[in-house]
Every structure is written in C-alpha cells, then in structure tokens.
Amino acid sequence: MDSHFMAYMYRLRYIERWSLMRNTNRETVAEHSYHVALLAHMLCEIGNRLFGRTLNADRAASMALFHDAAEVFTGDIPTPVKHHNPKMLANFREIEAMAAERLLGMVPEPLRDVYEPLILDAAPDGEQAELRKMVKAADLLDAYMKCLSELSSGNREFAVAKGQTEIKLAALGMPEVDWFLAEMAPSFSKTLDELSD
C-alpha cells in the first residue's frame with residue numbers, strides 16, 4: 001500500500017498564511033516551517049553558547065519542520081478567528097488533533113514512532129518540553145520577522161500585529177529571544193544594499 005505522507009507534506013507549499021491580511025509578499029506554511037526550523041536551531045544554539053544551556057538544536061529544528069504539518073488538512077486558521085473565544089479555540093484544537101492523527105496514520109508503520117512525537121501535540125516532558133518552548137518562540141519570532149518585512153515594504157497592515165507579537169515575545173521571558181531581537185532582528189528591516197554595506 002502506498003504511503004501518501006510525504007506527498008501531503010509537500011502540499012504545505014500550497015497553504016497560504018496570513019489570509020486575512022493584505023500581504024506584499026505571500027508566505028506558505030512550507031516556507032514558514034523552514035523559517036521556524038532555522039530560528040529554533042538558532043535559539044537553541046544561542047542558549048547553549050551564551051546562556052549555558054544544553055539544548056538539542058537539531059531536534060528542535062526537526063520539531064519545527066513538523067509543527068504546522070496538520071495544516072495540510074485544516075489550512076492556516078488566522079489567529080483572530082481561532083482565538084475568538086475559548087469554545088472556538090477548543091473546537092479548533094480538536095480539529096487540529098484529528099488532522100494530526102490522520103497525517104500520522106499515513107506514516108509507514110516502521111517509521112511511525114519516529115514521526116509521532118513530531119506530528120502529535122502530545123504533552124511533552126523533560127527535554128521535549130524545553131525544545132517545544134524554543135519552537136513556540138521561533139514561531140512567534142517568524143511572525144515578528146514577517147511583520148518587519150511587511151512594514152519595511154510600506155505595508156501598514158502589519159503594524160498592530162507587530163505590536164501584539166512584541167508583547168507575546170516579551171512575555172516569554174527568554175534570554176535567547178531577547179538576544180536574537182537585539183542582535184539579529186534589526187537586519188530584517190534593512191534593504192539588500194544596506195545589508196551589503
């Protein structure tokens with residue numbers, strides 16, 4: 001029997017993000033997952049090298065690649081819709097869990113135990129919980145980078161989202177995130193010529 005798992009994963013390139021917003025640059029879930037993987041890896045290494053942590057950056061990057069995999073079935077539900085009220089959020093969480101189970105069911109049996117912790121949003125413990133925090137932080141950072149990019153392109157549509165994301169990032173209280181925002185994020189507002197100087 002054929003496994004459709006990877007064929008579905010590749011279809012994440014057709015799922016667009018930020019559907020309620022006017023975008024100067026469209027972004028897909030596949031692109032977002034790649035960016036979150038880059039950022040999660042970087043945050044872990046910042047933690048390891050600068051703050052004495054012992055985080056598995058490679059594992060965090062793997063988790064990030066699959067963090068929105070269920071959206072191949074659900075699409076990207078905009079945050080204001082998903083978080084409109086607690087009942088709606090609970091319903092979306094249930095739908096996302098069913099979509100994740102469906103996707104996991106497509107993984108060939110000999111590989112299922114490898115992909116189960118990457119696809120399912122099971123309650124993590126220990127190292128998995130710490131890495132999940134890094135992925136969540138990377139997810140927020142990617143949203144922030146998107147806001148910076150859109151604002152730099154003259155698109156004020158993302159001004160409120162930028163402020164809301166800054167508040168969420170500050171609430172994390174993570175030194176890795178603070179360091180990234182101070183040292184690396186400012187470059188995202190620069191033009192190619194400015195980066196080349």
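Note that the structure is a prediction, hence the values are computed from the model and not measured. The analysis underlying the following values was restricted to heavy atoms, covering all of them including side chains, and did not include hydrogens, waters or symmetry mates.
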Is there a side chain to side chain contact (heavy atoms under 4.5 Å, CB included) between T54 and E127 once you walk through the steps? CA-CA 9 Å; T54 55; E127 182 189 33; over 6 Å; no
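- Taking 4.5 Å as the limit, some side-chain heavy atom of E45 sits within range of a side-chain heavy atom of N48.
- Inter-residue side-chain proximity for K136 and H67 is flagged as unmet; no heavy-atom pair is nearer than 4.5 Å.
- Rounding to the nearest 0.5 Å gives a distance of 11.5 Å between CZ of R102 and OG1 of T74.
- We find the CE-CG distance between M174 and L43 to be 6.0 Å, quoted to the nearest 0.5 Å.
- For the atom pair CZ of R22 and CG of N155, the computed distance is 4.0 Å after rounding to the nearest 0.5 Å.
- Rounded to the nearest 0.5 Å, atoms CD (Q164) and OG1 (T79) are 9.0 Å apart.
- Taking all atoms of both residues into account, the shortest heavy-atom contact from V72 to R11 is CG2-CB, 3.9 Å.
- A185 and L148 make their closest contact through O-CD1, 3.8 Å (heavy atoms, listed as atom of the first residue, atom of the second, distance).
- Side-chain atoms of D68 never come within 3.5 Å of backbone atoms of V29 as a donor-acceptor pair (strictly under, hydrogens ignored).
- Residue H83 places its NE2 atom among more than 12 non-hydrogen atoms of other residues, nucleotides or ligands, all under 6.0 Å distant.
- Under the 4.5 Å side-chain heavy-atom criterion for grouping Ile, Leu, Val, Met, Phe, Trp and Tyr, L120 is connected to L12 within one hydrophobic cluster.
- Side chains of D58 and H41 form a contact here, defined as non-hydrogen atoms less than 4.5 Å apart.
- Remark: side-chain polar atoms of S3 are paired, donor with acceptor, to backbone N or O of M106 under 3.5 angstrom.
- Taking the centre of each ring, Y144 and F188 stay at or above the 6.0 Å mark.
- Shown here for R93 and E96, the closest heavy-atom pair between the two residues is NH1-OE1, 3.1 Å.
- Transitive grouping of hydrophobic side chains (ILVMFWY, heavy atoms separated by less than 4.5 Å) keeps Y34 and M6 in distinct clusters.
- A donor-acceptor distance shorter than 3.5 angstrom exists from the side chain of N85 to the backbone of M88, with no hydrogens or angles considered.
- Residues I77 and I15 do not share a hydrophobic cluster, defined by chaining ILVMFWY side chains whose heavy atoms lie under 4.5 Å apart.
- Aromatic rings of F51 and W179 (six-membered ring for Trp) have centroids beyond the 6.0 Å cut-off, not under it.
- Considering every non-hydrogen atom in both F180 and M145, the closest pair reads CE2-CE, 3.7 Å.
- Heavy atoms of other residues, nucleotides or ligands lying less than 6.0 angstrom from CE of M9 number more than 12.
- At a threshold of 4.5 Å between non-hydrogen side-chain atoms, the residues F5 and L103 count as touching.
- Without hydrogens or angle criteria, E150 side chain to N23 main chain gives no donor-acceptor distance under 3.5 Å.
- The cluster map of Ile, Leu, Val, Met, Phe, Trp and Tyr, joined by side-chain heavy atoms under 4.5 Å apart, puts L111 and Y10 in the same cluster.
- When side chains are defined from C-beta on, E157 does not count as touching W18, because their heavy atoms never get closer than 4.5 Å.
- Between M134 and V36 there is no side-chain heavy-atom pair separated by less than 4.5 Å.
- Using a 4.5 Å heavy-atom threshold, the side chains of H35 and K146 count as separate.
- Under the 4.5 Å side-chain heavy-atom criterion for grouping Ile, Leu, Val, Met, Phe, Trp and Tyr, L140 is not connected to I167 through any hydrophobic cluster.
- Between K168 and L172 the shortest side-chain heavy-atom distance does not fall below 4.5 Å.
- Remark: the backbone N or O of G105 is paired with a side-chain donor or acceptor of R112 at under 3.5 angstrom.
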Starting from the C-alpha separation in whole Å, work towards a yes-or-no answer on side chain to side chain contact (heavy atoms under 4.5 Å, CB included) for S19 and D76. CA-CA 8 Å; S19 61; D76 178 55; 5.6 Å; no
